[in-house]
Amino acid sequence: MALDLSLLNPAQRDAVMHVDGPLLVIAGPGSGKTRVITWRVAWMIEQGVSPWSILAVTFTNKAAQEMRERIARVAPSDGARICTFHSFGAMFLRAEHERLGLARDFSIYDESDQLGLIKKACSELGIDKDTLAPREIRHAIGEAKNGGITPHHYLSNARSWREEKIAAAYAKYQDLLLGNNACDFDDLLLRPVAALRDNSELRERYANRYRYILVDEYQDTNAVQYELTRLLGGTHRNVCVTGDPDQSIYSWRGADITNILNFEKDFSDTRVVVLGHNYRSTKNIVSAADALVRNNVSRKSKDLFTDNEAGHNIRVVMTQNETHEGIRVAAIVKDLIEHEGIDYNDVAVFYRTNAQSRALEQGLREAGIPYVIVGSVEFYKRKEIVDVLAWLRLLINPTDEQAFGRAIANPGCGVGEASAAKIVAAARARGINLIDAVRDPDVLALLRGKPAAGARAFGEIVGKLAAMPKTPATGIVSQVISLTGYESWIMRDDPARGLERVENVQELVSDAAIFDETNRGATLADYVERVSLINDIDKYDPGKRAVSLMTLHSAKGLEFPAVFIAGVEDGSIPHMRSITGDSGNLEEERRLLYVGITRAKRFLHLTLARHREQFGQSTRNSPSRFLRELPQELLAQEDHTGGLFGVGLGGVKPAAVESLPFDDDVEPASDDDGAAAPDPWEGADTGPGLRLLRKEPLPAEPPRPEIVPGGMVNADLNVGDRVRHQMFGVGKILSFTPHAGGTRARILFTGWGEKNMALEYARLERIEPAR
DNA sequence: GCGGTGTACGAAATA
DNA sequence: CGTACACCGC
Ligand SMILES: Nc1ncnc2c1ncn2[C@@H]1O[C@H](COP(=O)(O)OP(=O)(O)OP(=O)(O)O)[C@@H](O)[C@H]1O
């Protein structure tokens, strides 16, 4: 148990043994930062610091989990809080919910919940979603929240009609969140920060509780996380932050690299430790990474070196398309396993976007290579899972209208959007929650026919579920599935993929079971909270021998003996949006590749596909510009395209490829560009020829038909008339559209937004225009 | 009003 | 290609 500090180098030891006062550890990749953090915590505990007073914040749940385990192995660390910023926020809000006017079991809204709420806000405010896209509003709100700007603030700074609308939507959105007893991800940080800032008693209490604070990946903290760190640690100043400006890859999420650059100013007398000795990778890999990142101009130069052997060259594998890329990767994996003593576990494949995993998976699968997707296209985001979770969320927080809407629609029970809205409105009006509302005879009396029967059935089920014990979580989860008949509904609703989706639902039950197992005494609320904060699922079989697939972003902090980076092409790495758009940040793309490269211990492969299917059509790609920045003598190029990529990268002719195990492939003859010739199509489409073909601006749209065709009962309605609707109240007619068997009217209702309805079904009542 | 169906549009990364 | 949503029939 005792720590053997001789296993650390002098710089690492300095950092580990620094207990009181601010500490900044700038750690190059593979320099033992993780080791330093875990040992430092262990050291503090050994020095008599109570684990209870330690707060270690990591960036991902995976990192938190790993750190918890590693610390537990070297010190009795029970009681230390090791978590992400967001779970700290959630914990804080739960503990302080009362003083913050929040229900204890508030819901945590993810992006799609947010979008739903924003749409609702727009609709209630009469904001047309074609003029102002809900996504844009969400983006604006996110940005505002990251900068700590309140709706009120936003409005007073609004410079345009557009910004005023966004301000209104922001305010409404915030209201709706409140009404639903919900927080979005940003609120999980913002609300604690506001509370700690405004309440010194609270701040002192928390600062006293957490007398030692560690923040990992500090280069990727945003303004709010920075504020939180200062609020908690500003007084006692026992704050240790670790990070590497060269590995900052989250600026798109508001991460601000100046947080780490200014740490020394924020905390005077900071002890600074720089770790530059890489213990992870071969010389060739370290040199390549170092050469690459030196191309970043806005960067403080920093040394990265290693005593490890030179190792193998970096293989640059050029393939024809993404399928071919998958096949080649699989072939090399097989070769590594057969000839290099590498195990499946030792191999990782990284890519820029989740969508790229498909072809790689296929290649591995067809070669019989086991793999796992780490942080996959999030399990908890699949429709069938979201549906079941909506039921769970509703049971925990019966004021959650988003959850209610989803639960009542899935499985479909004959209650549509409008009837659901009616129940919601009735609940609001009566000040009761949604579960009570849907079981209230007076509320049910507002509906008739199919919706009424459906709502009654729904109410019975949800009532039964609400009465059940909420511990353990698994019981309720399976009850939801069986009582709602969810699985048979899926099979009926989507026969093609029904089976797969049923399996996913089953997997959710196992996930809950694992949760119950590892968190004895935890409730359904705990499970729902965890699910809201984590988007990856506990796999059954963590020790499974398998190749890991993940995005470059989720690779941060990990290491593997053999690494593949797929799609090293312009447009992918760097991503298209960073090349074209002005918001793009090429340096961050370079850092992303840097992070990927430095995950490799011994074998590194960069693969390229000449063609890639995107949106159903083929694109042609050039090698990543970053390849030219790597020392060419460290690269071993392998062309499996028959010269489709043209001349070698960086102007160096491809070296005669060493005899490779895969040369017996039949390569289709190159049917297009020859080796040195420029692509015949490239550059041409920007020529003047095409510009002449540009379409003339479209003629202005013909005026909409103003008058109702067809002799309906309501035929005397006109655009602009005010009408009353049974459910939506008073509204104004915007337009009519003829359709088979009658007429539809687009009507703007106050408080409900725009609705499109068939006149023969909507029992509209005309109100005399007030003249 | 509900639910089925056709189509227009769209995906960078994560808590 | 896959999905979200607008549209239309009942
Ligand atoms: N003093 C040391 N002597 C030998 N090996 C070490 C030493 N310190 C760390 N290592 C090894 O170096 C590797 C990288 O360490 P670690 O994962 O802590 O790096 P890191 O700085 O967290 O990397 P990154 O910032 O890239 O995530 C690990 O395999 C670790 O065991």
Side-chain angles (χ1 to χ4, degrees), chain A residues 57-64 83-90 108-112 115 119 129-130 133-135 142 183-189 217 220 222 224-225 249-255 350-356 358 375 377-378 380-381 383 409 412-422 447-452 454 493 497 530 532-536 550-556 567 571-578 581 583-585 588-589 592 595 613-618 725-728 737-742 744 746 754-758 760-763:
Chain A
V57 183
T58 61
F59 203 67
T60 64
N61 294 292
K62 208 185 332 155
C83 60
T84 64
F85 272 112
H86 289 86
S87 34
F88 176 81
I108 298 172
Y109 276 9
D110 69 7
E111 279 173 331
S112 78
L115 214 53
K119 283 177 184 165
K129 66 177 169 353
D130 294 326
R135 287 170 172 280
C183 286
D184 62 24
F185 276 115
D186 295 324
D187 287 344
L188 291 180
L189 304 177
E217 309 285 11
D220 277 327
N222 67 22
V224 184
Q225 292 163 336
I249 54 176
Y250 284 97
S251 72
W252 51 273
R253 220 177 98 164
F350 307 147
Y351 35 82
R352 182 64 223 270
T353 66
N354 283 306
Q356 282 170 271
R358 234 189 155 89
V377 188
E378 300 138 60
Y380 293 119
K381 283 204 178 142
K383 284 172 298 307
C413 62
V415 181
E417 210 188 328
S419 303
K422 205 167 187 175
L447 309 170
R448 55 185 82 58
K450 199 161 59 157
D493 194 52
R497 278 182 304 166
R530 195 204 63 148
S532 306
L533 289 171
I534 301 182
N535 47 17
D536 201 10
M550 67 193 85
T551 63
L552 282 161
H553 281 87
S554 31
K556 186 159 79 161
S572 184
I573 310 170
H575 192 269
M576 191 63 92
R577 304 255 270 249
S578 70
S583 60
N585 187 344
E588 181 154 313
E589 295 291 307
L592 190 56
V595 167
E613 291 287 319
Q614 253 165 356
F615 300 125
Q617 56 185 340
S618 182
H725 182 268
Q726 228 210 338
M727 188 175 298
F728 301 119
T737 6
H739 80 103
R744 276 171 188 281
R746 185 161 280 280
E754 273 181 44
K755 303 276 167 193
N756 198 1
M757 42 185 58
E760 61 270 32
Y761 293 102
R763 283 149 293 181

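The chains referred to below are lettered A, B, ... by the order of the sequence lines, with proteins before strands, and numbering in each begins at 1. This is a predicted model, so every value here is computed, not measured.
Each of C:dA4, B:dA11, B:dA13 was ranked by its minimum atom distance to the side chain of A:Thr353; first place goes to B:dA13. Listed nucleotides: B:dA15, B:dG3, B:dA11. Nearest to the side chain of A:Ala355: B:dA11. Nearest to the side-chain atoms of A:Lys383 among the listed nucleotides B:dA15, B:dC2, C:dT3 stands C:dT3. Distances from the side chain of A:Thr551 to the nucleotides B:dA13, B:dG10, B:dA15 place B:dA13 closest. When distances run from any side-chain atom of A:Asn354 to the nucleotides B:dA11, B:dG3, B:dT14, the shortest one goes to B:dT14. Of the candidate nucleotides B:dA13, B:dA15, C:dG2, C:dG2 has the atom lying nearest to any side-chain atom of A:Arg358. Among the nucleotides B:dC2, B:dA13, B:dT14, the one closest to the side chain of A:Arg352 is B:dA13. When each of B:dA11, B:dC2, B:dA15 is scored by its nearest atom to the side-chain atoms of A:Pro451, the top-ranked nucleotide is B:dC2. Closest to the side chain of A:Phe615, from the set B:dG1, B:dA11, C:dA4, is B:dA11.
Across the interface with DNA chain B, nearest-nucleotide mapping of A:Val415 and A:His553 shows A:Val415 to be the residue nearer the 5′ end. Nearer the 5' end of DNA chain B, as judged by each residue's closest nucleotide, is the contact made by A:Arg135, out of A:Arg135 and A:Thr60.
Of the possible polar contacts, one joining the A:Asp220 side chain to the A:Ile249 backbone as a donor-acceptor pair under 3.5 Å is found.
Stacking between A:Trp252 and B:dA13 is shown: the ring centroid lies under 5.5 Å from the centre of the six-membered base ring, and the planes differ by under 30°. Between the side-chain ring of A:His575 and the base of B:dA12, a stacking contact exists by the 5.5 Å and 30° definition.
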